[in-house]
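As structure tokens, the structure follows; a few thoughts come after it.
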Amino acid sequence: MNIDLALKYNMLPEGTRLLCAVSGGADSMCLLHLMMSLQEKLKIQVFAAHFEHGIRGEESLRDADFVENWCREQYVPCITGHGNVPEFAEKNSMGLEEAARQLRYEFLRETAEQLGCTKIATAHNADDNAETMIFNLCRGSGSAGLRGIPPVRDNYIRPLLGCTREEIERYLESNHVPHVEDSSNQSDDYSRNIIRHKIMPVLREINPRVSEAALRGAELLREDERCLSEMAEAFIKKQSDADSLSYKELLELDRAVSARVIRMLSPKSLSSLHVEDALNFCKGEGLGFLDLPGLRLRREQGRLYFRQNERKVMEDRVLVPGETLIIPEAGLKITAFQDVRGQEVNDLFKTYLFKYKGICGNIKITLRKSGDNIRPLGRNCTKSLKKLFTEAGYTQAQRDSTPVFRDENGVLAVYGLAVAERTAAAVGEKILRIEIEKI
């Protein structure tokens, strides 16, 4: 068997506790037998796991019995799990294949953790890889999909990826390893079976070694993808802050790189059309929004913001003298108490000195409201909060999260920007001192 790919990717380092996913079919029985034969040479420990999907009735239970019995005869520890894929698929509005895959991988993860296995091996082979590439091509995938099945993904490994199905069948025959046949593999109800039964034979007429050729092509595409992804990561590291980057700089990149930047910064998978929409959005000017799956892009002041503001909307609160008010949404602790004005001055981020007689009714801390304006102390003019924010260069997110102090007559102060002229107190006058701390 050709397991050069496994050696190249160092899939089985010494001391590995390996969990083999075993369906009982030809590929997985080859995988299990081969790994068992290499245990002493590679100094690894092999375990088996079988998941019965509850799809094929008695045949499915037969497969489970077959795997359990064979492993028992070979002294291989085996864990069997059972699921009801049709019920799970219906409950979660999923196709059978997707539901089966999700439940199977959940079972494998849990079993690996239970047994202390550091690697999980699946029996994907070179023919599977070629079929996956064709399937993804039919769906319109880019280079990411055309890379086929990755040899290594997290702690999942595919030691047989360099082997064809023909080689696997020869191995089973020469080593007298039994297996069971899944009757659903003969049906053309699934897209992958159509590719296997009708498309692959035609391609083999053109090139009998098409699976090996696809494997080489996938490897080259992985190298290209690695290079382009590294370029995108370097751009993000250099140009982005916590949640935004310069969209003009983004548009100067080659599209192959800028598209990857968009995908990397998105919390959910995006289609090529979504990526195209995002890049076209970057060509606009001024404040703008674009909704994508799981994401709202915001274009503002030359920057593209990728994350929605997760800050909870600040609720209106009443500031009571003598008490401390915590505002977790704004990250502030505010204390107010009566005092007498000394020589100190207002600190727009730490201390406000409001003339007591200038306050009308309760003081509330809110966000900005339509029509808000303030006559800032020392400016000799009245400004709308909108203009005040614009002059300060505040982004939309900053405008929507800046606390505003107000009484029944209007705005008393805007945190970090201004206090109202009517709050000014002379030295020796009674004041309400407001102390602000960040938390």
Side-chain angles (χ1 to χ4, degrees), residues 241 244 286-287 298 300-303 305 309 311-439:
D241 54 22
S244 70
L287 179 65
R298 186 174 84 250
E300 184 177 11
Q301 297 183 3
R303 297 192 71 78
Y305 292 83
N309 182 13
R311 184 191 302 273
K312 293 180 180 178
V313 175
M314 193 180 82
E315 298 177 357
D316 291 359
R317 288 176 169 84
V318 175
L319 184 63
V320 179
E323 296 182 4
T324 295
L325 181 63
I326 304 293
I327 307 180
E329 305 97 310
L332 298 176
K333 180 170 76 171
I334 302 174
T335 304
F337 55 91
Q338 294 181 24
D339 201 358
V340 175
R341 170 72 189 273
Q343 296 294 333
E344 70 272 49
V345 296
N346 289 288
D347 183 323
L348 295 178
F349 287 100
K350 293 182 178 180
T351 308
Y352 293 152
L353 312 172
F354 292 165
K355 182 166 67 174
Y356 215 85
K357 290 183 179 179
I359 301 170
C360 180
N362 291 329
I363 294 180
K364 291 185 178 180
I365 301 175
T366 74
L367 295 177
R368 61 178 176 147
K369 299 182 185 295
S370 178
D372 274 348
N373 58 64
I374 186 172
R375 187 174 179 84
L377 182 63
R379 302 273 193 97
N380 295 319
C381 65
T382 299
K383 290 181 180 290
S384 67
L385 261 59
K386 180 178 179 181
K387 189 170 184 179
L388 194 70
F389 286 137
T390 299
E391 289 175 351
Y394 272 25
T395 65
Q396 191 74 24
Q398 288 174 309
R399 297 172 192 225
D400 292 339
S401 61
T402 298
V404 175
F405 295 76
R406 65 177 76 239
D407 64 6
E408 294 177 10
N409 285 338
V411 176
L412 292 166
V414 180
Y415 177 67
L417 291 180
V419 294
E421 186 178 272
R422 66 186 174 96
T423 68
V427 173
E429 276 193 293
K430 184 180 179 182
I431 61 170
L432 183 68
R433 180 186 294 272
I434 298 175
E435 301 284 355
I436 303 172
E437 294 180 55
K438 288 190 175 182
I439 57 174

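Among residues two or more places apart in sequence or in another chain, the salt bridge (charged side-chain N to carboxylate O under 4.0 Å, His left out) test is passed with K386 by none. Remark: K355 pairs with no residue by the salt bridge (charged side-chain N to carboxylate O under 4.0 Å, His left out) rule, at least two apart or across chains. Residues meeting the side chain to side chain donor-acceptor pair (under 3.5 Å) test with E323, sequence neighbours left out: none. In this view, E315 satisfies the side chain to side chain donor-acceptor pair (under 3.5 Å) rule with no residue, not counting sequence neighbours. Residues passing the ring pair (Phe, Tyr, Trp, His ring centres under 6.0 Å) test with F337, sequence neighbours excluded: none.
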Donor-acceptor list for residues 359-366 side chains, cut-off 3.5 Å, not counting sequence neighbours:
residue	atom	partner	partner atom	Å
T366	OG1	R406	NE	2.9
T366	OG1	R406	NH2	3.2

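Judged by the 6.0 Å distance and 45° axis criteria, R399 is not positioned over the aromatic ring of Y394.
Using a 3.5 Å distance cut-off with no hydrogens or angles, the side chains of E435 and T335 do not pair a donor with an acceptor. For E300 and Y305, the side-chain atoms include no donor-acceptor pair closer than 3.5 Å.
The only member of K369, R298, R368 that meets salt bridge (Lys or Arg N to Asp or Glu O under 4.0 Å) when paired with D400 is R368.
In terms of heavy-atom proximity, G416 sits nearest to Y352 at N-OH, 3.4 Å. For the pair M314 and A330, the tightest heavy-atom approach, listed with the atom from each and the gap, is SD-CB, 4.2 Å.
The side-chain heavy atoms of N373 and K383, taken from C-beta on, include no pair separated by under 4.5 Å.
Residues R341 and E429 are not paired through a salt bridge, judged by the lack of any N-O separation under 4.0 Å between the basic side chain and the carboxylate. Salt-bridge annotation for D407 and R422: present, with a side-chain N of the basic residue lying under 4.0 Å from a carboxylate O of the acidic one.
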